[in-house]
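Down below is the structure, laid out as structure tokens.
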Protein chains: 2
Amino acid sequence: MKALLFNGKLEYREDVRPPRRRVGEVLIKVVLAGICRTDLEITRGYMGFRGIPGHEFVGLVEDDRYPELDGKRVVGEINCPCGKCETCEQGLGNHCPSRTVLGIAERNGAFAEYTMLPNNNLHEVPDSLTDEEAVFTEPLAAAIQITRQVPIRPDTEVVILGAGKLGLLAAQVIGRISRKTTLVAKHPSKLRLIDDMDINLKTSSEFQNEAKRDAQVVVECTGSSTGLKLAKEIVSPRGTIVLKSTYARNSALNFSDVVVNEVTLIGSRCGPFPSALQMLKRGEVSVRPLISVSFQLKDGLQAFQEALKKNYTKVLLYIS
Amino acid sequence: MKALLFNGKLEYREDVRPPRRRVGEVLIKVVLAGICRTDLEITRGYMGFRGIPGHEFVGLVEDDRYPELDGKRVVGEINCPCGKCETCEQGLGNHCPSRTVLGIAERNGAFAEYTMLPNNNLHEVPDSLTDEEAVFTEPLAAAIQITRQVPIRPDTEVVILGAGKLGLLAAQVIGRISRKTTLVAKHPSKLRLIDDMDINLKTSSEFQNEAKRDAQVVVECTGSSTGLKLAKEIVSPRGTIVLKSTYARNSALNFSDVVVNEVTLIGSRCGPFPSALQMLKRGEVSVRPLISVSFQLKDGLQAFQEALKKNYTKVLLYIS
């Protein structure tokens, strides 16, 4: 089958063996996939991954072993836990030490004609959603996860650093709860994508001129180590920094201010798919403006190049 | 008066001007003071402090403007908030942006014959406590603060990294709550100081051979950046790392694992003096074995040298 393959370098190939059927796993024909910052980090060595990347997708089930799913349009949760260990028994399957992760760890992903996931991972996409909306389910769920981990009230001062796709989704999710939500972007063009919403929008330079240490919650979505440094400078005493970026590089930071200001840092990863599908269905978030450009799978290498551009948000790959 | 003075380098001086009386502040004749790791960091440039260091002390009030306190033996909370700003009004005086901090920020400390603190900061020492016990009130309160910030139950797996004075106090406080408390020390001699308690004691090398990612709470008291690195490796998914060390240097760290494992890091600083005095009075913690050596104030420079020794815990200074 056709696929993008990463073996130290990313290649487009047409001779990749399709996934072999496995018990408990469902064969999915991928329709549309999104390139995420994690995918870019994988091509820089993050997680030491080798194989087919891609974990944001919409697809059609093509598997007659699962008649209740066969032919359905689905999105899929990316963590595949063993289901047997102590961590899984505690209900923390997403943290199972033996888990595989779609396109990220020990499991081929969605930048291919076919992919595979356990049937429990799949969620049917409501008919009213387009593929281009549904492909945002995974990152939107990750944005919603923030609100599950940190209490946010209507008057909570929240600053979101970074207006990549995750920052733009987080701003929309949090902006529905707190009327004191600020989104900070390096590039003003990003802010225009959501400028009709009730969110304070600032460029980095505007923000740094007036920044005080008064943000009760800072969401770090910049994907760079300077983001955490700035977050530490603007978070209020006893405030919370939510860490959303995964990247391959180290950050040189001093943590004395975290101790002195009794700040909480909390890592935040995957979130609830059902809530994300519901928000999309109700039109509570606007995702279409976040699509910068779309490519066919065969032009995947060019798509990765484009996804690196600073003023781009989401780059999509049409697979079939 | 006699004092230790830090102006880029630490000196013992006999010509230092005693504190001038100020409204709302109480003059205290210092009896005994402890050297803390923060004091050592101050001599390396931490906080850019200039003046008399020292923030752990026992003293006698010598101030007839405060008849209810005059002559009493006291310990003192180190943060002096402005009492007027928004942070203070929220009850977060310890985080007041205009606060001064005894011997740490904009306020001369306790390595001197006399020091001064607002009357609200002072706590009378119960008669049954010796000076050598009472001088541990401040660090013990800091250890107790951990249990105020992070829920610890009898079956919570807690690992304390670093058996300096703070680690040894934290182990005793937490070991009274959780029967799954482990203290990890670089130097086996440190562990012998509390080996009659019901706490698992491990040297770093023993611990690293068998360490798994299963500590629900890790308390980082090593005072070195390697401590946080190890903490990230042993904390369980969705676990908590409590940061207790303040130091002047940067740490180069990768935070992807914090994100992926959804770990919480929480900075923890000063704690409740009344609880600390109560624990000391009830004999619930053993502090005398933590005293390595004591000096007179005039030998303060030597005391600082000794406090740097790896196998030492608490070095005391007799002032008067």
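The sequence lines fix the lettering, A, B, ..., with proteins before strands; numbering per chain opens at 1. Remember, predicted model here, so these are calculated numbers, not experimental data.
Heavy-atom distances place no part of A:Gln90 under 4.5 Å from chain B, backbone and side chain included. Looking at A:Val260, the atoms closer than 4.5 Å to chain B (heavy atoms on both sides) sit in the backbone and in the side chain alike. Residue contact with chain B, scored on non-hydrogen atoms closer than 4.5 Å, involves the backbone and the side chain of A:Leu243 alike. Heavy-atom distances place no part of A:Glu86 under 4.5 Å from chain B, backbone and side chain included.
Of the listed residues (A:Val258, A:Val263, A:Val101, A:Ile241), the one with the most heavy-atom contacts under 4.5 Å to chain B is A:Val263. Ranked by heavy-atom pairs under 4.5 Å with chain B, the first of A:Asn94, A:Leu265, A:Asp214, A:Ile266 is A:Leu265. When each of B:Pro97, B:Gly267, B:Ser236, B:Pro237 is scored by its heavy-atom pairs under 4.5 Å with chain A, the top score falls to B:Gly267.
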Can you list the steps and then say if A:Leu161 with A:Val218 is a side-chain contact (heavy atoms from CB on, under 4.5 Å)?
CA-CA 7 Å; A:Leu161 297 177; A:Val218 182; 3.8 Å; yes
Kindly determine whether B:Gln149 and B:Ser268 satisfy side-chain contact (heavy atoms from CB on, under 4.5 Å), including the steps that lead there.
CA-CA 8 Å; B:Gln149 293 177 286; B:Ser268 174; 2.6 Å; yes
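Taking the six-membered ring for Trp and the full ring otherwise, A:Phe6 and A:Tyr46 have centroids separated by 6.0 Å or more.
Of all heavy-atom pairs spanning A:Gly93 and A:Pro81, the tightest one is O-CB, 3.2 Å. Among all heavy-atom pairs drawn from B:Cys85 and B:Cys96, the shortest one is SG-SG, 3.9 Å.
Exactly one of B:Arg269, B:His95, B:His55, B:Arg107 qualifies for a side chain to side chain contact (heavy atoms under 4.5 Å, CB included) with B:Asn79. That residue is B:Arg269.
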